[in-house]
*Asks:* 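Shown below is the structure under consideration.
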Amino acid sequence: QVRLVESGGGLVQAGGSLRLSCAASGRTLSSFAMGWFRQAPGKERQFVSAVSRNGGATYYSGSVKGRFTISRADAQNLVFLEMNSLNPEDTAVYYCAASTRPYGFSSAAVYDYWGQGTQVTVST
């Protein structure tokens, strides 16, 4: 079993930045590809970004590419999502997830473990 806990969310003005963290316990994160998803009120959960098991490949949705950066620090069992140039459309609960699969990272279905989420609110 893996327990994932997100942190770093909050209220930020448009144009600002936040850095989300995902801390894992129970198993080493090096066993997993890691992803970030988000869900806004009344909307479906949406893929944001993912990083492969060895960190060699990263993936981004079109809406965040160039603004968000995913990274991992397996020695500390941490995954990060650096978010820049935030806009109100980025407002959502952000979830960290872990997958044992080697592909398909943009699909929530391939993830085995999920965190409880952290709220990100971007004001105008």
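Computed from a predicted model, the values in this text were never measured in an experiment.
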*Asks:* Which atom pair, heavy atoms only, marks the closest approach of Ala40 to Ala92?
*Replies:* N-CB, 3.8 Å
*Asks:* Roughly how far, to the nearest 0.5 Å, is CZ of Phe47 from OG of Ser61?
*Replies:* 6.5 Å
*Asks:* Compare every heavy atom of Pro88 with every heavy atom of Ala14, then report the nearest pair and how far apart it is.
*Replies:* CB-CD, 4.2 Å
*Asks:* Restricting to non-hydrogen atoms, name the atom on Ala109 and the atom on Arg101 that form the minimum distance, rounded to 0.1 Å.
*Replies:* O-NH2, 4.4 Å
*Asks:* Calculate, to the nearest 0.5 Å, the distance between atoms OG1 and CG belonging to Thr69 and Asn84 respectively.
*Replies:* 6.5 Å
*Asks:* With respect to Phe37, which candidate in Phe105, Trp114, Tyr95 satisfies the ring pair (Phe, Tyr, Trp, His ring centres under 6.0 Å) definition?
*Replies:* Trp114
*Asks:* Are Leu81 and Phe32 linked, directly or through other ILVMFWY residues, by side chains that come within less than 4.5 angstrom of each other?
*Replies:* yes
*Asks:* Does Val110 offer a backbone N or O that forms a donor-acceptor pair with the side chain of Ser99 under 3.5 Å?
*Replies:* yes
*Asks:* Could you tell me how the ring of Tyr94 sits relative to the ring of Phe68: parallel (under 30°), tilted (30 to 60°) or perpendicular (over 60°)?
*Replies:* tilted
*Asks:* Following the transitive rule for hydrophobic clusters with a side-chain heavy-atom cut-off under 4.5 Å over Ile, Leu, Val, Met, Phe, Trp and Tyr, establish whether Val2 and Tyr111 coincide in one cluster.
*Replies:* no
*Asks:* Please report the interatomic distance SG(Cys96) to CG(Leu78), rounded to the nearest 0.5 Å.
*Replies:* 9.5 Å
*Asks:* Hey, does the Lys NZ or Arg CZ of Arg19 hover above the aromatic six-ring of Phe80, less than 6.0 Å from the centre and inside 45° of the axis?
*Replies:* yes
*Asks:* Are the side chain of Arg72 and the backbone N or O of Ala33 linked by a donor-acceptor pair below 3.5 Å?
*Replies:* no
*Asks:* Between CZ of Arg38 and CG of Asp90, what distance do you get to the nearest 0.5 Å?
*Replies:* 4.5 Å
*Asks:* Please report the closest heavy-atom contact between Ala24 and Leu4, naming both atoms and the distance.
*Replies:* CB-CD2, 3.7 Å
*Asks:* Do Val93 and Leu86 share a hydrophobic cluster, counting only Ile, Leu, Val, Met, Phe, Trp and Tyr and linking them when any side-chain heavy atoms are less than 4.5 Å apart?
*Replies:* no
*Asks:* How far apart are the C-alpha atoms of Leu20 and Glu6, what are their side-chain angles, what is the distance that settles it, and do they pass the side chain to side chain contact (heavy atoms under 4.5 Å, CB included) test?
*Replies:* CA-CA 7 Å; Leu20 304 184; Glu6 303 92 338; over 6 Å; no
*Asks:* Stepwise, does the side chain to side chain contact (heavy atoms under 4.5 Å, CB included) test hold for Arg67 with Tyr60?
*Replies:* CA-CA 10 Å; Arg67 300 189 296 123; Tyr60 298 94; over 6 Å; no
*Asks:* Please answer whether the main-chain N or O of Leu29 pairs with a side-chain N or O of Asn77 as donor and acceptor at a distance below 3.5 Å.
*Replies:* yes
*Asks:* Starting at CG of Leu11, measure out to CD of Gln119 and round the result to the nearest 0.5 Å.
*Replies:* 9.5 Å
*Asks:* Would you say the side-chain atoms of Arg3 pair up with the backbone N or O of Tyr113, donor to acceptor, closer than 3.5 Å?
*Replies:* no
*Asks:* Roughly how far apart are Gln1 CD and Asp112 CG, rounded to 0.5 Å?
*Replies:* 10.0 Å
